[in-house]
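Worksheet for the structure shown next.
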Amino acid sequence: MKNLIVLFAPEKSKYIDEPLFDGKSAKNLSVAWASSFPDSTVCTMQGAACVYELLREMSDEAKRVGAERVMFAFSDCPFLNKALSEKLLETHEKYAAEYTFADGYPLGFAPEIIDSGALSLLASLCAPDGVHKDLGAKKIGRDAIFSAIKGDINSFEIETVMAEEDFRQYRLNFACDTKANALCCKRLFDMRLDFSDSLSLSRAAVKNAGILHTLPSFYRVQLTEAVDNDAIFTPFSNVYKMNHGVFASEDTRAGKAKEMPFEKFCALIDNIASFSETAVVALGCGGEPLLSPYFDKAVEKVLSHSGLSVLIETSGYNVTEELAAKIFEIAQKAPERTGDYPSVMWIVSVDAVNSAKYGELHKNCKDGAFEKALGAVGILSAKFSGDVYPEFLRVNENEEQLEAFFRFWKNAQSPSAGNVLVQKYDWLCSVMKDDKVADLSPLERFPCWHLRRDFIINADGFVPLCPEWTGQSDFIGNAFESSLSDIWDKYGNEIESHLAKCYSQRCALCDEFYTFNF
């Protein structure tokens, strides 16, 4: 059978042409992979604005060259594997499949295969007048073809080549699109392994601290320690009282809560953009960011860097129509994001279905706080549709309200249009009481996600190793005084220990290692 091999070059792949691999680029290596298949036509594509355009262009090209099937891959992937690709082709032909893909491997090792007839049908389904026009209008992601097929999955004969081990939990992406992923590719290449063996390569990758720990993708930045109320089942409230002797709300009323100076915040954001290039910056970190005197300017500063998105964690008490409109205007004027996330996302802490239960969970809250939280979700959703999440922190004290909360907010007609976030309880490695409703920890432990991807910066610039490390002696640096790179390197020893199944006393008690932010 004649093949058409399509190498798609995403516009946002910043490192696709960098000579990272003994003078060769990811594009050079992906073209070499494609050229190794006989009786195949290799075609490079770029510039398609949406999934439908990509499908249509591939279908038209397959008809033009008389190809019976299309092998699709991204040209920023330097480790496309010949043996794995041949196994996919063999499976595709043996079982007369219309679509075949590899599952369980790290992203970037294998192409997808689709029959030209199925491709033509899929393009028609995703056309502007097709039954799945909404899928066709989406931007092109790494799962573009499979996501389109899922819209009518029973209409296609699908086969899968499964990895002998499942590596998906590590979320490795061997594509030279972002700085972090390009660094991941470079470090794998520098191991000088047998690149023809995708299984051994995968096993080696997930045991390498440098590959698991590239760059931070999630920064929690505390604009202020001030709060509207004390969410008593959160680490921040408990740690604050443990360190200061009073709840944060008491120091807020007394004017004693620390604030991050705006000029230091701006310098910090510039450093984050330089170091990680693409990341989500969460404004909150226990404090209420809307109480910062420069909150709107902080959002504007983050969004001035196209690779950064902002997550706002709020009680909702200070959300107004005017504030939502102002932040929306800032987001509209900001450059288009080069990362994977929207410009602005919101999490509103609700935690209950009535004001009585809310008051039990949020000490020292003001009158009408629960109603304010509910109203905030609607106000924000009107401007940031699809990017607002009412949050429920699940503990024994509110477990009886979880089902009602979930049913209400999950409904597409709710103020959040179906968005809902159920947050796991964090007992701070036994510092707080064990109030977990259920233990969801995996049977087999793996290196902590938070050590791998998160970076926390308090209002005074001090950086704890992770949210569980709460004492003053646990700080590993100050982001106002040291480079982010120097501080980040200090995480490496902990990752190495986790890989060796060797845990400090605190890490051994932690059950947050499997929870994931961005």
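Small disclaimer: the values here were computed from a predicted structure and weren't measured.
- Between Tyr240 and Pro235, every side-chain heavy-atom pair lies at or beyond the 4.5 Å cut-off.
- Under a 3.5 Å cut-off, the side chain of Gln401 and the backbone N or O of Val353 do form a donor-acceptor pair.
- Here CE of Met191 is found 10.0 Å from NZ of Lys207. Values are rounded to the nearest 0.5 Å.
- Stacking of Arg171 on the aromatic ring of Phe516 is recorded, both the 6.0 Å distance cut-off and the 45° axial limit being met.
- Under a 4.0 Å N-O distance rule, the pair Arg407/Glu403 qualifies as a salt bridge.
- Judged by a 6.0 Å distance limit and a 45° cone about the ring axis, Arg452 is positioned over the six-membered ring of Trp449.
- Within a 6.0 Å sphere centred on CD of Glu400, other residues, nucleotides and ligands contribute more than 12 heavy atoms.
- The pair Lys12-Asp76 does not count as a salt bridge, with every side-chain nitrogen at least 4.0 angstrom from each carboxylate oxygen.
- Of the charged side-chain nitrogens involved, at least one lies within less than 4.0 Å of a carboxylate oxygen, so that Lys424 and Asp511 count as a salt-bridged pair.
- Using a 4.5 Å heavy-atom threshold, the side chains of Phe513 and Pro447 count as separate.
- Checking side-chain atoms of Asn419 against main-chain N and O of Gly386 turns up a donor-acceptor pair under 3.5 Å.
- Between Tyr503 and His498, the two ring planes are perpendicular [angle over 60°; tilted spans 30° to 60°].
- Taking the six-membered ring where the residue is Trp, Phe174 and Phe79 present perpendicular rings, their angle passing 60° and hence far from 30°.
- Of the possible donor and acceptor atoms, none in the side chain of Glu468 sits under 3.5 Å from a partner among the backbone N and O of Arg506.
- The CE atom of Met242 lies 7.0 Å from the CG atom of Leu428; values are rounded to the nearest 0.5 Å.
- When atom types are taken as modelled, the side chain of Ser414 and the backbone of Trp409 share a donor-acceptor pair closer than 3.5 angstrom.
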Let me see the working for Leu361 and Leu393 under side chain to side chain contact (heavy atoms under 4.5 Å, CB included), right down to the final yes or no.
CA-CA 9 Å; Leu361 302 173; Leu393 175 61; over 6 Å; no

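- Under the 4.5 Å side-chain criterion, counting only non-hydrogen atoms from C-beta, His362 is not in contact with Phe370.
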Pairs under 3.5 angstrom only: tabulate donor-acceptor contacts from the side chains of residues 208-215 to other protein residues two or more places apart or in another chain.
residue : atom : partner : partner atom : Å
Asn208  : OD1  : Gly210  : N            : 2.8
Asn208  : OD1  : Ile211  : N            : 3.0
His213  : ND1  : Leu451  : O            : 3.3
His213  : NE2  : Trp488  : O            : 3.2
His213  : NE2  : Trp488  : NE1          : 3.3

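- The aromatic rings of Phe384 and Trp346 sit tilted, their planes meeting at an angle between 30° and 60°.
- For Lys139, the side chain to side chain contact (heavy atoms under 4.5 Å, CB included) partners are Glu336, not counting sequence neighbours.
- Side-chain atoms of Ser381 come within 3.5 Å of backbone atoms of Pro415 as a donor-acceptor pair (strictly under, hydrogens ignored).
- Sorted by first then second residue, the salt bridge (charged side-chain N to carboxylate O under 4.0 Å, His left out) pairs that include residues 240-257, not counting sequence neighbours, number zero.
- Taking the ring centre of Trp427 as origin, the terminal cationic atom of Lys436 falls inside the region bounded by 6.0 Å and 45° from the ring axis.
- Contact of the Tyr358 side chain with the Asn229 side chain is registered, since non-hydrogen atoms from C-beta on lie closer than 4.5 Å.
- Residues His132 and Asp134 meet the side-chain proximity criterion, which asks for heavy atoms closer than 4.5 Å.
- Side-chain polar atoms of Arg453 and Ser217 form a donor-acceptor pair below 3.5 angstrom.
- The NE2 atom of His450 sits 8.0 Å away from atom SG of Cys466, with the distance rounded to the nearest 0.5 Å.
- Between the side chain of Asn478 and the backbone N or O of Asp460 there is at least one donor-acceptor pair closer than 3.5 Å.
- Residues Ser276 and Tyr219 have side chains that bring a donor and an acceptor to within less than 3.5 angstrom of each other.
- Under a 3.5 Å cut-off, the side chain of Ser292 and the backbone N or O of Tyr294 do form a donor-acceptor pair.
- Asn458 places no side-chain N or O within donor-acceptor distance of the main-chain N or O of Gly461, the cut-off being under 3.5 Å.
- For Lys501 (side chain) and Arg445 (main-chain N/O), a donor-acceptor pair under 3.5 Å exists by modelled atom type.
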